[in-house]
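Single-structure report; data block below.
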Number of protein chains: 4
Amino acid sequence: MNVGVSESSMADKSKTINIALDPTSGIPFYRQIILQIEMAMADGRLKPGNQLPTVRGLAVELRVNPNTVARAYNELEIRGLVSSQHGTGTFISDREVEMSEVEREEVLSQLVRGFVSQAASYGFTVDDIIRYLTDYHEEGRK
Amino acid sequence: MNVGVSESSMADKSKTINIALDPTSGIPFYRQIILQIEMAMADGRLKPGNQLPTVRGLAVELRVNPNTVARAYNELEIRGLVSSQHGTGTFISDREVEMSEVEREEVLSQLVRGFVSQAASYGFTVDDIIRYLTDYHEEGRK
Amino acid sequence: MNVGVSESSMADKSKTINIALDPTSGIPFYRQIILQIEMAMADGRLKPGNQLPTVRGLAVELRVNPNTVARAYNELEIRGLVSSQHGTGTFISDREVEMSEVEREEVLSQLVRGFVSQAASYGFTVDDIIRYLTDYHEEGRK
Amino acid sequence: MNVGVSESSMADKSKTINIALDPTSGIPFYRQIILQIEMAMADGRLKPGNQLPTVRGLAVELRVNPNTVARAYNELEIRGLVSSQHGTGTFISDREVEMSEVEREEVLSQLVRGFVSQAASYGFTVDDIIRYLTDYHEEGRK
DNA sequence: GTGGTCTAGACCACA
DNA sequence: GTGGTCTAGACCACT
């Protein structure tokens, strides 16, 4: 029974997601953390099972109070996006997407339509959105 | 309950700008109102001389506290973008609003990022969104 | 326009729900608060639109730190059970139960079956549960 | 990977007690294990002399860290409810477990209250639950 | 006055 | 070592 060697072979242990806080944005730190983790999930940088940085670790990295990171993780857990395991760490949840393709499409449709009308009230067109989204996505891939 | 001057006599003089508030966006209502009026001015939906909805009228329409609308109008007046004329209404000033591309991009950025992370919490990826949005767009063109 | 009299006629303003914390239970304070509010909703003592006690008010009453109450309210808000309005208060959400009777029954069925099997693993029968639940409910009505 | 004594040679000697862990209950896993074993002893599903599953076996079955199971067994041994015999297994002690009505009621209380508040968050009332549970029960009797 | 955010620091529980 | 809870107290934002 090999102990030690086998323990250390966890290259994929905790993903680095390069969270950056902008203190001038007016968006609370804990919310910026949530947003960035959600976005990392949306574009595939974080997948189910991946471990997030530890609360204290991320707090040190971002130079914020551990409570602030804990609050972000806590909210993500309440929403079911991550699962914290005492003494072990915090992990991206296995999404139990029991939705059929049809249902998924329906939910996506609702979300997008709502967003389009919101953006429209600011004077943005669907074209604006698509353009930004595509650029944004390319950016993330570099 | 009619109080004071009838508001309905100027119904056709005040532009409807379709302000939509999103209580889940984290952006305070008064700021959402300001932003949307600014954007409407920037892209020509509101022109100098146009009358804004009355404070009370808009408050009822948006189902918020009249103070909230008043605060938005007040801040717009301080910035010189609108001018309130006692007993008459609130009007778009001559002073032009030039919203730079950069500013527009910033607002769009915030909106899109917020939406992406909301969609992520339902398990949708950026790709899903782009795909749907493009289809949706094509659909609209037919 | 009557001001003052009409403002003060808010007898039902904020519901008293008599939350009691048990420091010996091992259940964290914030969770006890959540549980008791949820139960008040379940047996009809709190209805949509009712205002909860203020964060500071409840904190004083329960002799805990305001942050502890805020945390409970916050979690309830994330779950969509209450809605906090800045500068105004915290209110029980209007549940948008768009579910058909059939769907409701389905969800209830899943919940109950899950619970029954959980209780069974502790050696309790459905009879035990019904008996306790009925007693508990009568208790609440006194 | 076979290490040490084969566990399968005593498969039919160790009682299956169907322990079910609920990660959302807030009760730590090790405590859920203890509670369920105690209840099984109290209502006769486990009798003196019966062998418990091996630590590793149960850990695999429940998909938890073996330390967690070990901790539960350890605590049960300290209380004298089970005795571990090196190289052989863990067995229910002669010492009787009398779980008083009061204790049983307490556990039931916790379970039910937790369930009621969970159901409340889906908009179900205590009445809904009682009604469904009674129907469900009748159903089962047919 | 309402709720919201953040810090600093202590102590506990789980693995 | 991990995450979880709670306090005390400061300061901000909305009504």
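Chain letters run A, B, ... following the sequence lines, proteins first and then strands; every chain starts at 1.
If you find the closest nucleotide of DNA chain F to Q85(A) and to G87(C), the one lying nearer the 5' end belongs to Q85(A). Nearer the 5' end of DNA chain F, as judged by each residue's closest nucleotide, is the contact made by R63(C), out of R63(C) and N65(B). Heavy-atom distances to DNA chain E give each of G89(C) and P28(A) a nearest nucleotide, and the one nearer the 5′ end belongs to G89(C). If you find the closest nucleotide of DNA chain E to T88(A) and to N74(C), the one lying nearer the 5' end belongs to N74(C).
Under 3.5 Å, the side chains of S109(B) and R113(B) contain a donor-acceptor pair of N or O atoms. With hydrogens and angles left out, the side-chain atoms of S83(D) and E77(D) include no donor and acceptor closer than 3.5 Å.
Within 4.0 Å (heavy atoms only), E77(C) reaches sugar-phosphate atoms of the nucleic acid but no base atom. The residue Y30(D) sits close only to the backbone: its heavy atoms come under 4.0 Å of sugar-phosphate atoms, none of a base. Residue-level contact check: Y73(A) touches neither bases nor backbone, having no heavy atom under 4.0 Å from any strand.
Distance CG (L21(D)) to C1' (dC14(E)): 14 Å, rounded to an integer number of Å. Atom CZ in R31(C) sits about 10 Å away from atom P in dC6(F), given to the nearest Å. In this structure, the CG atom of L52(A) is 16 Å from the C1' atom of dG4(F), given to the nearest Å. Across the protein-nucleic acid pair, F29(B) atom CZ and dA13(F) atom P stand 18 Å apart, rounded to whole Å. Rounded to whole Å, the distance from CZ on F91(C) to P on dT2(E) is 12 Å. Between the P atom of dG4(E) and the CD1 atom of I27(B) lies a distance of 17 Å, rounded to the nearest Å. Look at CD on Q51(A): it is 11 Å from C1' on dG1(F), rounded to the nearest Å. Per the geometry, CD belonging to E75(B) stands 9 Å off P belonging to dC14(F), to the nearest Å.
In terms of phosphate contacts, T68(B) brings a side-chain nitrogen or oxygen within less than 4.0 Å of OP1 or OP2 of dT15(F). Remark: R71(A) is not in phosphate contact with dC6(E), judged by side-chain N or O atoms under 4.0 Å from OP1 or OP2. OP1 or OP2 of dG1(E) has not a single side-chain nitrogen or oxygen of T54(C) nearer than 4.0 Å.
Between the side chain of Q36(D) and the backbone N or O of A20(D), at least one donor-acceptor pair lies under 3.5 Å.
One cannot find a donor-acceptor pair under 3.5 Å joining the base of dG4(F) and the side-chain atoms of N67(A). Side chain H86(A) to base dA15(E): no donor-acceptor pair is found below 3.5 Å. A donor-acceptor contact under 3.5 Å is not formed by the side chain of R56(A) with the base of dG1(F).
When all heavy atoms are compared, the tightest approach of I27(C) to R31(C) is CG2-CB, 4.0 Å.
A salt bridge does not link R56(D) with E61(D): none of the charged nitrogens is closer than 4.0 Å to a carboxylate oxygen.
Rounded to the nearest 0.5 angstrom, F91(A) CZ and Y73(A) OH are separated by 11.0 Å.
When Watson-Crick and G-U wobble pairs are counted only if both distances are under 3.5 Å, dC14(E) pairs with dG1(F).
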